[in-house]
Novice: 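Here's a structure for you.
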Amino acid sequence: MSFADLPALLAEALAARGYAAPTAVQAAVIAPEAAGRDLIVSAQTGSGKTVAFGLAMHPELLGEDGRIEPTREPHALIIAPTRELALQVSRELIWLYGPTGARIATCVGGMDASKERRQLSYGAHVVVGTPGRLRDHLERGALDLSALRAVVLDEADEMLDMGFRDDLEAILDGTPETRRTLLFSATMPKPIVALAKRYQKDALRISTVGEDRGHGDISYQAMTVSPSDIEHAVINLLRFHEAETAILFCATRDNVRHLHASLVERGFAAVALSGEHSQNERNHALQALRDQRARVCVATDVAARGIDLPTLTLVVHVELPRDAETLQHRSGRTGRAGKKGTAVLIVPYPRRRRVEMMLKGARIPVEWVEVPSAEAIRAQDRERLIAALLAPVEIEEEDAAIAERLLAERSPEELAAALVRAHRAALPAPEELSDRSHSDRREERQAGQHRPGFDDVAWFRMDIGRRQNADPRWILPLICRRGHITKAEVGAIRIGPNETAFQIPRALAAKFLSAVARSAEGDDDVRIEPSEGPVQGARPQRNGPNRPNYQAKPHRKGPPRGHAPR
């Protein structure tokens with residue numbers, strides 16, 4: 001089926017936005033066999049699914065003349081997991097259904113609820129919102145679903161993962177049984193199957209996800225680094241690619257805040273998106289990216305859902321995704337609408353095997369590459385600079401006058417050198433990485449070489465030892481928890497009779513000590529402080545890639561009962 005078979009006003013809106021032919025998922029949902037039926041749809045990120053469900057529900061919204069049918073109560077409801085995604089859906093539906101006279105209302109957390117209630121009271125044909133806010137309006141009587149003809153659950157699997165099951169069920173239970181239910185979900189876990197079975201009738205299953213799970217327009221790369229070099233690797237990736245827009249994924253809002261501050265300090269035009277930012281702050285950040293006032297976005301997974309930036313060509317997984325689905329969703333922010341994109345995984349060398357297994361299981365082809373070196377970045381800078389300066393430009397009269405005066409006082413060679421220097425001064429400096437961030441750590445471990453990242457270390461001590469039953473099985477998790485670091489960032493551990501010493505890379509020492517001071521725990525009076533070196537009578541303990549790591553197991557905070565620190 002083609003767009004020509006759609007109502008004229010929708011076809012014109014699509015043509016005005018440059019849509020020539022439907023994508024696979026769009027063609028499937030407007031095909032004759034899908035007409036009037038409940039649908040379960042699986043489609044890749046960036047495949048045009050927002051327009052797809054907008055087109056799929058047009059029979060429920062438009063009359064025979066192709067215009068919107070008058071109503072005060074909404075005829076269609078779209079539920080999305082995050083406010084960013086809901087706002088993106090709303091923007092898409094506004095241009096798609098604008099010519100028909102449709103009114104689109106948006107109800108999301110973080111926005112003025114009273115304004116939303118007034119908008120609903122004026123009447124809306126389509127309501128787009130997040131589960132929590134929609135349920136709130138429903139329970140307050142501001143949202144009337146009695147005339148609903150179609151409901152869309154966008155990224156349903158993500159909504160269940162985020163804990164919205166009760167909200168979804170409360171909303172769906174308040175809709176007429178005659179409605180159409182369109183369920184869009186990247187995966188079909190058991191909770192989604194149960195949801196479909198309860199709220200759908202004779203649903204048509206549509207899947208446009210191929211056997212190759214990797215997105216066809218995304219090039220996947222991975223690189224192993226020392227844990228202490230992760231931030232340096234991010235800097236060099238940004239400098240090497242010089243992407244028009246890049247997004248960096250972190251696991252927590254604290255890590256987003258830290259990395260964003262580091263990038264701004266180095267001269268990058270960066271914005272941050274995480275759960276701690278208000279909707280107004282998020283809108284400003286996204287607008288800065290669209291206006292090109294900012295070129296880098298540091299975000300958590302939830303905050304980045306629904307972001308659609310046409311200029312986004314680079315995605316960096318600063319912290320590894322929890323599974324292949326998260327990897328797909330993150331990476332799918334780029335490589336959209338036929339454009340090419342690059343997704344890069346920064347892999348701490350102890351976790352390479354786990355990442356290889358995840359990629360293999362997801363059938364995602366990946367190229368293992370080295371972190372761009374400072375020299376490689378400088379070579380790229382030279383080529384980009386030459387291309388930029390040799391590009392044709394329109395010369396205005398005032399510019400020509402300034403150029404003539406400069407040539408009268410300096411030689412062309414001096415002026416060219418000054419221009420090159422000015423361009424270079426505006427670029428953040430690349431970072432020098434440790435040599436061992438450019439090699440395969442598995443071979444180093446097998447060869448028994450020195451542990452990478454621990455050439456320059458700071459020693460710390462704890463006031464417990466063998467007489468207090470000190471044991472790496474609970475000491476190592478305690479160090480990580482108190483210092484906000486990972487096991488891979490703890491070097492040698494030496495346990496003496498009454499105290500224990502351990503190593504931290506010197507580059508992390510100040511951050512570690514600050515975290516220890518903030519995280520002192522009332523039921524755990526173990527004191528951690530800087531030390532000159534290993535303690536007397538200490539025994540080496542197994543930790544690090546040259547020897548098996550102890551696994552963090554559930555344990556009480558501090559040493560076992562009966563062995564309190566002195």
Side-chain angles (χ1 to χ4, degrees), residues 84 221 223 225-274 276-277 281-301 303-304 307-320 330-331 333-334 341-346 369-385 387-388 420-434 437 507-508 511:
E84 279 74 27
Q221 296 179 351
M223 52 188 61
V225 301
S226 168
S228 60
D229 267 338
I230 289 176
E231 192 170 298
H232 291 167
V234 171
I235 302 298
N236 284 12
L237 277 168
L238 292 174
R239 287 287 288 103
F240 183 79
H241 288 275
E242 284 294 332
E244 197 171 353
T245 308
I247 187 166
L248 314 178
F249 281 101
C250 297
T252 67
R253 61 181 65 179
D254 285 341
N255 293 346
V256 166
R257 191 186 309 118
H258 171 78
L259 182 56
H260 174 251
S262 296
L263 292 177
V264 172
E265 182 183 18
R266 285 173 166 86
F268 289 92
V271 296
L273 287 176
S274 73
E276 70 180 2
H277 295 101
E281 289 173 324
R282 295 186 187 203
N283 292 342
H284 281 303
L286 291 172
Q287 193 57 48
L289 293 167
R290 294 188 182 101
D291 295 343
Q292 294 290 285
R293 288 179 285 116
R295 296 177 59 187
V296 180
C297 176
V298 189
T300 56
D301 290 327
I307 290 180
D308 188 10
L309 298 167
T311 58
L312 182 62
T313 57
L314 176 66
V315 170
V316 180
H317 304 270
V318 180
E319 293 180 275
L320 296 175
R330 284 180 173 186
S331 302
R333 296 303 101 201
T334 186
T342 302
V344 183
L345 291 92
I346 298 179
V369 299
E370 292 186 350
V371 180
S373 65
E375 182 51 43
I377 292 168
R378 294 185 187 103
Q380 283 278 70
D381 286 344
R382 287 192 290 271
E383 296 303 317
R384 282 191 287 254
L385 178 57
V420 169
R421 183 174 182 179
H423 271 265
R424 282 184 171 168
L427 299 172
E431 296 286 349
E432 297 287 350
L433 279 75
S434 63
S437 282
L508 300 177
K511 173 185 171 184

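For the numbers below, each heavy atom of this structure counts, side chains included, while hydrogens, waters and symmetry mates do not.
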Novice: Are the charged groups of Glu84 and Arg282 less than 4.0 angstrom apart, N to O?
Specialist: yes

Novice: State whether the side chain of Arg239 and the backbone N or O of Pro428 hold a donor-acceptor pair below 3.5 Å, judged by distance alone.
Specialist: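 Yes; judged by distance alone, with no hydrogens or angles, the pair exists.
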
Novice: Ignoring hydrogens and geometry, is there a side-chain-to-backbone donor-acceptor pair from Thr334 to Leu312 under 3.5 Å?
Specialist: yes

Novice: Which heavy-atom pair separates Arg330 from Leu320 by the least distance, and what is that distance?
Specialist: NH1-C, 3.9 Å

Novice: Any chance you could measure Ile247, atom CD1, to Cys297, atom SG, to the nearest 0.5 Å?
Specialist: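 If I round to the nearest 0.5 Å, the distance is 4.5 Å.
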
Novice: If I compare all heavy atoms of Ile235 with all of Ala429, which pair ends up nearest, and what's the gap?
Specialist: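 It is CG2-O, 4.0 Å.
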
Novice: Val256 and Ala299: which non-hydrogen atoms are nearest, and at how many Å?
Specialist: CG2-C, 3.7 Å

Novice: Looking at every heavy atom in both Ala233 and Ile346, which two are closest together, and how far apart are they?
Specialist: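 Of all heavy-atom pairs spanning Ala233 and Ile346, the closest is CB-CD1, 4.2 Å.
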
Novice: CD1/Ile377 to CG/Leu427 distance, rounded to the nearest 0.5 angstrom?
Specialist: 10.5 Å

Novice: Evaluate the side-chain proximity of Phe249 to Asp301: yes if any heavy-atom separation is below 4.5 Å, no if none is.
Specialist: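 SC-SC contact between Asp301 and Phe249 confirmed.
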
Novice: Answer yes or no: is there a donor N or O on one side and an acceptor on the other, between the side chain of Asn236 and the main chain of Pro372, under 3.5 Å?
Specialist: yes

Novice: Measure from the side-chain N and O atoms of His260 to the backbone N and O of Ala270, and report whether any donor-acceptor pair falls under 3.5 Å.
Specialist: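 Answer holds: yes.
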
Novice: From Leu237 CG over to Glu242 CD, what is the distance, rounded to the nearest 0.5 angstrom?
Specialist: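 If I round to the nearest 0.5 Å, the distance is 11.5 Å.
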
Novice: Holding to salt bridge (charged side-chain N to carboxylate O under 4.0 Å, His left out), I want the full list of residues that pass it with Arg257, two or more places apart in sequence or in another chain.
Specialist: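 For Arg257, the residues satisfying salt bridge (charged side-chain N to carboxylate O under 4.0 Å, His left out) (neighbours in sequence not counted) are Asp254, Glu276.
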
Novice: With a 4.0 Å cut-off on N to O distance, would you call Arg266 and Glu231 a salt bridge?
Specialist: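 Here Arg266 pairs with Glu231 in a salt bridge, since their nearest N and O are under 4.0 Å apart.
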
Novice: Please check if the side chain of His277 supplies one atom and the backbone of Ser274 the other of a donor-acceptor pair under 3.5 Å.
Specialist: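 Flag set: sc His277 to bb Ser274 pair under 3.5 Å.
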
Novice: Is there a side-chain contact between Gln292 and Thr311 (heavy atoms, below 4.5 Å)?
Specialist: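 When only atoms from C-beta onward are counted, Thr311 and Gln292 do touch, with a gap below 4.5 Å.
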
Novice: Which pairs pass salt bridge (Lys or Arg N to Asp or Glu O under 4.0 Å) with one or both residues in residues 311-320, sequence neighbours excluded?
Specialist: none

Novice: Would you compute the distance between atom CG of Leu309 and atom CZ of Arg295 and round it to the nearest 0.5 angstrom?
Specialist: 13.5 Å

Novice: If I take atom CD from residue Gln380 and atom CZ from residue Phe240, how far apart are they, to the nearest 0.5 angstrom?
Specialist: 4.0 Å

Novice: Calculate, to the nearest 0.5 Å, the distance between atoms CG and CD belonging to Leu385 and Glu383 respectively.
Specialist: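 Atom-to-atom, Leu385:CG and Glu383:CD are 9.5 Å apart.
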
